[in-house]
2 protein chains.
Amino acid sequence: MARPRSIPASANSQRTTYHHGDLKRALTGAALQLVQEKGPKGFTLREVARRAGVSAAAPYRHFADKAQLLAAVATQGFVQLHETLDATVAAHSDLSEQALAMGKAYVRWAVSHPDYYQVMFGTELDKTESPEVVLAGARAFEDLLDTIKRCQETGLIPAGDPRETAGPIWSLLHGISMLTIGSDLTHVGIREDTEALTERSLRQLLF
Amino acid sequence: MARPRSIPASANSQRTTYHHGDLKRALTGAALQLVQEKGPKGFTLREVARRAGVSAAAPYRHFADKAQLLAAVATQGFVQLHETLDATVAAHSDLSEQALAMGKAYVRWAVSHPDYYQVMFGTELDKTESPEVVLAGARAFEDLLDTIKRCQETGLIPAGDPRETAGPIWSLLHGISMLTIGSDLTHVGIREDTEALTERSLRQLLF
DNA sequence: ACCTGAACACCGTTCAAGT
DNA sequence: ACCTGAACACCGTTCAAGT
């Protein structure tokens, strides 16, 4: 007979061993999938456990509670957003173009990942209980800050604490994202293309 | 003996009659209170029923489901916001002051009623299922639109469809409100006073 | 016409017990 | 060390039955 601790089954296949092997990863994977399928409302811990092929109690070995699992989803979201913004910075050498492209990339990512975005900024998440989320969020925010700094260095926008420029900009981008995701803009008769609205607003705020 | 349908007890006192008399009003009242006490997360239909002194099934005579009761809360919120904005319009004859005051009043209301605001724009609410909420929201939005129109008439801001100006403005105000309620601005080191941030951003966007 | 009681199918969470 | 089974205290929702 082989050694008692056999190679763990993958997340998708039937498990033959009593121990899962990599349950934490399997759970966050299932959670990521579930949020995208059913949205933040339909997200339940038991369903996540079911999809990972374990009992309802098993997740508690790896996450303190449901909020902590949602925090993992939110963290992943911020990482993705960060990568998207990073790629946008790299793709534009012209600074005023870069600034506009960043804003548009932010909103585009939010609108194309509405469920992630709602978890990242929704009410289910208690950020005081999950500093990792705040950290991941700060990293995404720094992309914004960096672009603003570069714009200041070349004199494109006035010098000063970049946070003073970032406040209005981030608020604007977040507002456009949220109101678009919730269809609130169209509900009051604003049917302007999201991309166009973003660019127009950013120009007004920046230059 | 008096008539069989006796005078109904008030919402707060013990009910002596089998029929409540004004359960719908009592339920929305309890809902309003509960949201402010426990936030959108702690809001349950059974607790609302308990506070109104009826069985868990009773609300279903007056609301199709939990979302419809939340819609009533959101509608109330939009009515309150509308009244606040109205009062602000009335209080300022100078138009550029009025525009700035409106924005600040919007954010101030949102930040001082975080639970309402989160219900009004949160994920629990399905606006396609409750047109009353959309209508109440549109009425609040029209205050914004009216002020913009007046600013256009006096040449304070360029003429055109007022919605084109309202889009960026509303997005900004909503973003500031949401990021402030969620403490997201402070989490990334932006500690500027909310009022100041609002005024500064609005000036940049408008004038 | 309006409300209750009991029931159903779910939750999140805990904990002794299994491997 | 990690997972299960059963249990607890809740939910939202339905429906026959009461008044």
Side-chain angles (χ1 to χ4, degrees), chain A residues 1-9 11 14-28 30-31 34-35 38-73 123-126 129, chain B residues 1-9 11 14-28 30-31 34-35 38-73 123-126 129:
Chain A
M1 215 93 79
R3 294 183 293 152
R5 17 188 165 78
S6 60
I7 293 139
Q14 304 285 9
R15 194 158 32 103
T16 53
T17 55
Y18 188 83
H19 287 66
H20 186 284
D22 199 6
L23 182 54
K24 183 159 187 174
R25 194 178 307 277
L27 287 169
T28 57
L34 185 56
V35 163
K38 312 233 176 165
K41 290 175 62 179
F43 182 91
T44 73
L45 205 46
R46 288 181 106 109
E47 175 67 18
V48 171
R50 239 173 265 132
R51 291 188 179 209
V54 293
S55 76
Y60 287 89
R61 288 288 130 189
H62 304 277
F63 298 95
D65 53 23
K66 187 188 175 184
Q68 289 294 319
L69 184 49
L70 263 170
V73 174
T123 196
E124 304 88 348
L125 201 64
D126 184 7
E129 298 288 317
Chain B
M1 215 94 76
R3 294 184 293 153
R5 18 189 165 78
S6 59
I7 292 139
Q14 304 285 10
R15 194 158 34 102
T16 52
T17 55
Y18 188 82
H19 287 65
H20 186 284
D22 200 6
L23 183 53
K24 184 158 187 176
R25 193 177 307 276
L27 286 170
T28 57
L34 185 57
V35 164
K38 312 233 175 165
K41 290 175 63 179
F43 182 92
T44 73
L45 205 47
R46 288 182 106 109
E47 174 68 18
V48 171
R50 240 173 264 132
R51 292 189 178 209
V54 294
S55 76
Y60 287 89
R61 288 289 129 189
H62 302 277
F63 297 96
D65 52 24
K66 188 189 174 184
Q68 290 294 319
L69 184 49
L70 264 170
V73 173
T123 195
E124 303 89 348
L125 200 65
D126 185 7
E129 298 289 316

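Scope of the values below: all heavy atoms of this structure, side chains included, with no hydrogens, waters or symmetry mates. Protein chains get the first letters and strands the later ones, always in sequence-line order, with residue 1 at the start of each.
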>> Which heavy atom of A:Val48 sits nearest to which heavy atom of A:Leu34, and what is that distance?
In response: CG2-CD2, 3.6 Å

>> The side chain of A:Thr44 is closest to which nucleotide in this list: D:dC3, C:dG12, D:dT13?
In response: C:dG12

> Between D:dA9 atom P and B:Arg50 atom CZ, what is the distance in whole Å?
Replying inline: 14 Å

>> Can you confirm whether A:His62 sits close enough to A:Thr28 that some side-chain heavy atom of one is under 4.5 Å from a side-chain heavy atom of the other?
In response: no

> Shortest non-hydrogen contact from A:Glu124 to B:Lys41?
Replying inline: O-NZ, 3.7 Å

> When the distance from CG of B:Leu69 to P of D:dT13 is rounded to whole Å, what number comes out?
Replying inline: 10 Å

> Roughly, in whole Å, what's the span from CD in A:Glu124 to P in C:dG12?
Replying inline: 12 Å

> For the pair made of OH in B:Tyr60 and P in D:dC11, what is the distance, rounded to whole Å?
Replying inline: 12 Å

> Whole Å only: how far is the CZ atom of A:Arg61 from the P atom of D:dC3?
Replying inline: 9 Å

> If you look at every heavy atom in B:Ala49 and B:Ala56, which pair is closest and at what distance?
Replying inline: CB-CA, 4.1 Å

> Of the candidate nucleotides C:dT13, C:dC3, D:dC11, which contains the atom at the shortest distance from the side chain of A:Arg46?
Replying inline: C:dT13

> Between C:dG12 atom P and A:His62 atom NE2, what is the distance in whole Å?
Replying inline: 17 Å

> What nucleotide among D:dC3, D:dT4, C:dT4 has an atom nearest to a side-chain atom of B:Val54?
Replying inline: C:dT4

> Could A:Lys38 and A:Phe43 be counted as a cation-pi pair, given that NZ or CZ must be under 6.0 Å from the ring centre and within 45° of the axis?
Replying inline: no

> Between C:dT4, C:dC3, D:dT13, which nucleotide has the shortest distance from any of its atoms to the side chain of B:Asp65?
Replying inline: D:dT13

> In terms of side-chain heavy atoms of A:Ala57, which of D:dC3, C:dC15, C:dT4 is nearest?
Replying inline: C:dC15

> Can you tell me how far P of D:dG12 sits from CD of B:Glu47, to the nearest Å?
Replying inline: 10 Å

>> Which nucleotide, if any, forms a Watson-Crick or G-U wobble pair with D:dA9, using both distances under 3.5 Å?
In response: none

> Whole Å only: how far is the NZ atom of B:Lys66 from the C1' atom of D:dT14?
Replying inline: 17 Å

>> Does the structure show a Watson-Crick or G-U wobble partner for C:dT19, both distances under 3.5 Å? Name it, or say none.
In response: D:dA1

